[in-house]
Amino acid sequence: MTTVKEMYSAQQLAERVDGMAHEIAERVSGKLTVIGVLKGSFVFLADLVRALDLAGRPCHVEFLRLSSYGSKQKASGDVVLIGGYPDVNDDRTVLLVDDIVDTGNSITYARKLLEAGGTTKIMTCTLLDKPSRREVDVTVDFVGFTIPDEFVVGYGIDYAEDYRSLPYLGTVEKE
Ligand code: IMP
Ligand code: MG
């Protein structure tokens, strides 16, 4: 049996996402395309783009789907694009949105992919940052919460595909 211990409530998440939207709205100029890294970012992205719109920054929304092969609780460095390449017009600023930056491999791969496709104005955003786990030197422009090296689930984030629909964020406890 596993249970989930709450780390951030739905309300705490909503308040922080709203705060992030205001930070982004202040710092990003020009037309904005938000690109969500699937699957983990889908709930965060849905809340973030609506908060951005309310903060006066409507945006286009695209997705890219990455997969990293490794054991269930540990991503390996081998990241691949699965699915299509996002549709980005050159004159737009791109905000790359992920759920968690852990080793840094996924966000680095996604950024390089967009740069190779000709996108020059790229900013990065993550709900959660685990800096203690970094393998690649990346600094993320907008971070929701910095957390210790703990495995988290909920609010779109999974453990072996479970818990994505959980409205809050927590750690999995094994009983
Ligand atoms: P990175 O490439 O190591 O930075 O890995 C980032 C990806 O690994 C995230 O976007 C998640 O999909 C996954 N991941 C990292 N930590 C966790 C966690 O605590 N719970 C669930 N997925 C995680
Ligand atoms: Mg992810």
Side-chain angles (χ1 to χ4, degrees), residues 1-10 12-13 16-17 20 24 33-49 59 61-86 88 94-117 119 122-175:
M1 256 295 279
T2 53
T3 54
V4 178
K5 185 173 168 225
E6 188 175 283
M7 184 184 261
Y8 296 112
S9 68
Q12 286 173 313
L13 292 166
R16 183 65 193 112
V17 172
M20 290 179 84
I24 294 164
T33 296
V34 175
I35 302 183
V37 179
L38 290 173
K39 297 181 196 173
S41 72
F42 84 104
V43 175
F44 173 44
L45 187 99
D47 285 345
L48 184 68
V49 295
C59 55
V61 179
E62 290 286 332
F63 293 98
L64 62 82
R65 185 158 176 202
L66 298 182
S67 188
S68 57
Y69 294 105
S71 62
K72 286 199 183 83
Q73 291 206 0
K74 193 174 176 300
S76 76
D78 301 322
V79 184
V80 290
L81 175 70
I82 51 175
Y85 188 84
V88 192
V94 162
L95 182 70
L96 202 48
V97 176
D98 208 346
D99 54 350
I100 305 176
V101 176
D102 189 28
T103 64
N105 285 303
S106 306
I107 200 102
T108 302
Y109 177 90
R111 186 184 195 117
K112 285 186 178 157
L113 199 72
L114 293 169
E115 283 169 351
T119 305
I122 303 171
M123 297 194 95
T124 50
C125 173
T126 186
L127 177 68
L128 304 167
D129 190 10
K130 291 187 193 173
S132 64
R133 297 248 316 149
R134 249 355 158 267
E135 289 171 8
V136 187
D137 185 23
V138 281
T139 310
V140 186
D141 296 301
F142 303 100
V143 174
F145 299 101
T146 299
I147 61 167
D149 180 14
E150 285 188 89
F151 196 85
V152 295
V153 296
Y155 198 63
I157 299 165
D158 76 310
Y159 171 52
E161 295 304 323
D162 287 330
Y163 305 112
R164 288 198 199 274
S165 53
L166 202 65
Y168 58 91
L169 193 92
T171 49
V172 177
E173 315 253 296
K174 294 206 169 72
E175 283 174 356

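Every number for a ligand or one of its atoms is a count from 1 in the order of the listing. This is a predicted model, so every value here is computed, not measured.
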Under a 4.5 Å cut-off applied to non-hydrogen side-chain atoms, are D158 and K39 in contact? no
How is the N/O/S atom of D99 that comes nearest to the Mg ion (ligand 2) named? OD1
Can you list the atoms of ligand 1 that are under 4.0 Å from a heavy atom of E150? 19 (O)
Tell me, do D162 and V153 make a side-chain contact under 4.5 Å, heavy atoms counted? no
Step by step, would you call F142 with V97 a side-chain contact (heavy atoms from CB on, under 4.5 Å)? CA-CA 9 Å; F142 303 100; V97 176; over 6 Å; no
Of D129, T139, T103, the residue whose pairing with R134 passes side-chain hydrogen bond (donor to acceptor under 3.5 Å, both in side chains): D129
Exceeds 12 heavy-atom contacts within 6.0 angstrom, atom CG of D137: no
Any heavy atom of G40 sitting closer than 4.0 Å to ligand 1? no
Please state which part of R133 comes within less than 4.0 Å of ligand 1, counting heavy atoms only: side chain, backbone, both or neither. neither
If you measure every N or O of V79 against every N or O of ligand 1, does any of those distances drop under 3.5 Å? no
Please identify which atoms of ligand 1 are closer than 4.0 Å to at least one heavy atom of K130. 16 (N), 17 (C), 18 (C), 19 (O)
Heavy atoms only, cut-off 4.0 Å: how does D99 contact ligand 1, side chain, backbone, both, or neither? side chain
The atoms of ligand 1 lying under 4.0 Å from a heavy atom of S106, numbered in the order shown, are 1 (P), 2 (O), 5 (O), 6 (C)
Give the contacting part of I157 toward ligand 1: side chain, backbone, both or neither, where contact means a heavy-atom distance below 4.0 Å. side chain
Just heavy atoms, cut-off under 4.0 Å: does I107 contact ligand 1 by side chain, backbone, both, or neither? neither
Check each atom of ligand 1 against the heavy atoms of D158 and keep those under 4.0 Å away; list them by number with element. 21 (C)
Name of the residue among L96, V143, V34, L48 meeting side chain to side chain contact (heavy atoms under 4.5 Å, CB included) with C125: L48
Check whether any side-chain N or O of Y168 sits under 3.5 Å from a backbone N or O of L13 as a donor-acceptor pair, and report yes or no. no
Any idea which part of D98 is under 4.0 Å from ligand 1, heavy-atom wise: side chain, backbone, both or neither? side chain
Plane angle bin for F44 and Y155 - parallel if under 30°, tilted between 30 and 60°, otherwise perpendicular: tilted
Side-chain contact test, heavy atoms from C-beta onward, threshold under 4.5 Å: evaluate it for F145 versus V152 and give yes or no. no
Could you tell me whether some N/O pair between V152 and ligand 1 is separated by less than 3.5 angstrom? yes
